[in-house]
There are 2 protein chains.
Amino acid sequence: MEDICTINALRLMQSADEFRAKLSGEFSAVHGLSVNEYFLLMHLQKAPLNRLSRVELAKRMYVSASTVTRMAAPMEKLGLVRRESDSRDARLAYVVLSEAGTTRLGEAKMTFAKHARDTFGDRWSRTELENLSKLLNRLVAGTLPNLT
Amino acid sequence: MEDICTINALRLMQSADEFRAKLSGEFSAVHGLSVNEYFLLMHLQKAPLNRLSRVELAKRMYVSASTVTRMAAPMEKLGLVRRESDSRDARLAYVVLSEAGTTRLGEAKMTFAKHARDTFGDRWSRTELENLSKLLNRLVAGTLPNLT
DNA sequence: GCAATATGCTTGCATATGCAAGTATATTGC
DNA sequence: GCAATATACTTGCATATGCAAGCATATTGC
């Protein structure tokens, strides 16, 4: 194995899987959120009016539209998001971040940040962290709106 | 959002999700493999005797033991892996890479490499690629045996 | 040696997710 | 204006996955 692109892709996926696995347990136990639900809230918070249509959420989260429909339903029951329709296009069903959702998201962000610091630890220099940040940004910047 | 660790973790997960999503379709269509099945075969190929117990596979793949059990069953029917037991410990049930599995894995590696090259494209310099590789290696090297 | 505990695997159940089909609404071509 | 097509969402079904319980085998403490 010498293809540097392949190596990078493998390491990218493995490190992301590891991080997600470590995050997952505490997230559901402490915040009652799956990692994907966390990302859904993050996308909403970043969006104008704190809302996005289901298809737009699906694109940004790399999941199917039906998954967004099914994720939103229980989150709506919990009051983390609410549903809004568009006055001009009756097909659209926005998912809107609520007050409670904002609060919950804020708590979850603490946990996320803690795990992120644990992952990089104090063995990473500021320069290395910024270097990685810059390189990863080239990966996410190209396509869709991202969370950073 | 200014915490550089958080930003890195977010970008890491988003870029990995994007890569996985792009890979997923062609993988199942062309090779009849899910991305996770690909990783399972990769771990086997890297292991001594091309075999690993189910719990060891589970650890390396960041999934539960039951998931490995259920992934291995259909792959065994397809002949991609076979089952072996340990002469000293009757609890162990190794998953062993077969000839057919090696062949299939080799084909899938081509697709993986193609997508990896597409992802990084020609806009990445050799230096940047090696820089990223080095940084990501710090993330995966700490814990479990990895694929690179 | 035996009971207590630990480990490896499997299975029942619940949740998560994608795909394809169905429904409702918008847009386009004419 | 209307038919044809496109888009947004939902739902039925199939697959994927985790957790907890169950079972078999190993190891440990005595």
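So you know, we letter chains A, B, ... as the sequences are listed, proteins then strands, and number each from 1. From a predicted model like this one, the values you see are computed outputs, not experimental measurements.
Of the two residues near DNA chain D, B:Ser64 and A:Thr69, the one whose nearest nucleotide lies more 5' is A:Thr69. DNA chain D is contacted by both A:Arg83 and B:Asp89; A:Arg83 maps to the nucleotide lying nearer its 5′ end (nearest heavy atom per residue). Between A:Arg88 and B:Lys59, the residue anchored nearer the 5' end of DNA chain C, judged by the nucleotide with its closest heavy atom, is B:Lys59.
The distance between atom CG of A:Asp86 and atom P of D:dT7, rounded to the nearest whole Å, is 17 Å. Atom pair B:Leu52:CG and C:dC9:C1' shows a separation of 15 Å (rounding to whole Å applied). Taking atom CE of residue A:Met61 and atom P of nucleotide C:dT17, one finds them 8 Å apart after rounding to whole Å. Rounded to whole angstrom, the span from the CG atom of B:Asn36 across to the C1' atom of D:dG18 amounts to 13 Å. Going from atom CG of B:Leu92 over to atom P of C:dT10 covers 11 Å, rounded to whole Å. Across the protein-nucleic acid pair, B:Arg54 atom CZ and D:dT25 atom P stand 16 Å apart, rounded to whole Å. C:dG18 atom P lies 10 Å from atom CE of A:Met71, rounded to whole Å. What separates CG of B:Leu57 from P of C:dG8 is a distance of 13 Å, to the nearest Å.
Enclosure of atom NZ in A:Lys114 by more than 12 non-hydrogen atoms of other residues, nucleotides or ligands within 6.0 angstrom is indicated.
For B:Ser66 and D:dC19, a side-chain-to-base donor-acceptor distance below 3.5 Å is present, hydrogens and geometry of angles not being considered.
The aromatic rings of B:Phe39 and B:His43 lie tilted to each other, with the angle between the two planes from 30° to 60°. Ring orientation note: the planes of A:Tyr38 and A:Phe112 are close to parallel, at an angle under 30° on the 30°/60° scale.
You'll find that the side chain of A:Thr67 is closest to C:dG18, out of C:dT10, C:dG18, C:dG8.
Within 4.0 Å of A:Val68, counting heavy atoms only, lies no atom of the nucleic acid at all. Within the 4.0 angstrom heavy-atom criterion, only backbone atoms of the sugar-phosphate kind lie near A:Ser53; the bases stay farther away.
Using Watson-Crick or G-U wobble geometry with both donor-acceptor distances under 3.5 Å, C:dC30 finds its partner in D:dG1. For D:dA20, the paired nucleotide is C:dT11, the pair qualifying as Watson-Crick or G-U wobble because both relevant distances are below 3.5 Å.
Ionic pairing of B:Glu130 and B:Lys134 is not present here: no N-O contact between side-chain nitrogen and carboxylate oxygen is shorter than 4.0 angstrom.
Within the structure, every side-chain polar atom (N or O) of A:Arg70 is placed at least 4.0 Å from both OP1 and OP2 of C:dT17.
Hydrophobic clustering (side-chain heavy atoms under 4.5 Å, transitive across Ile, Leu, Val, Met, Phe, Trp, Tyr) groups B:Leu105 together with B:Leu33.
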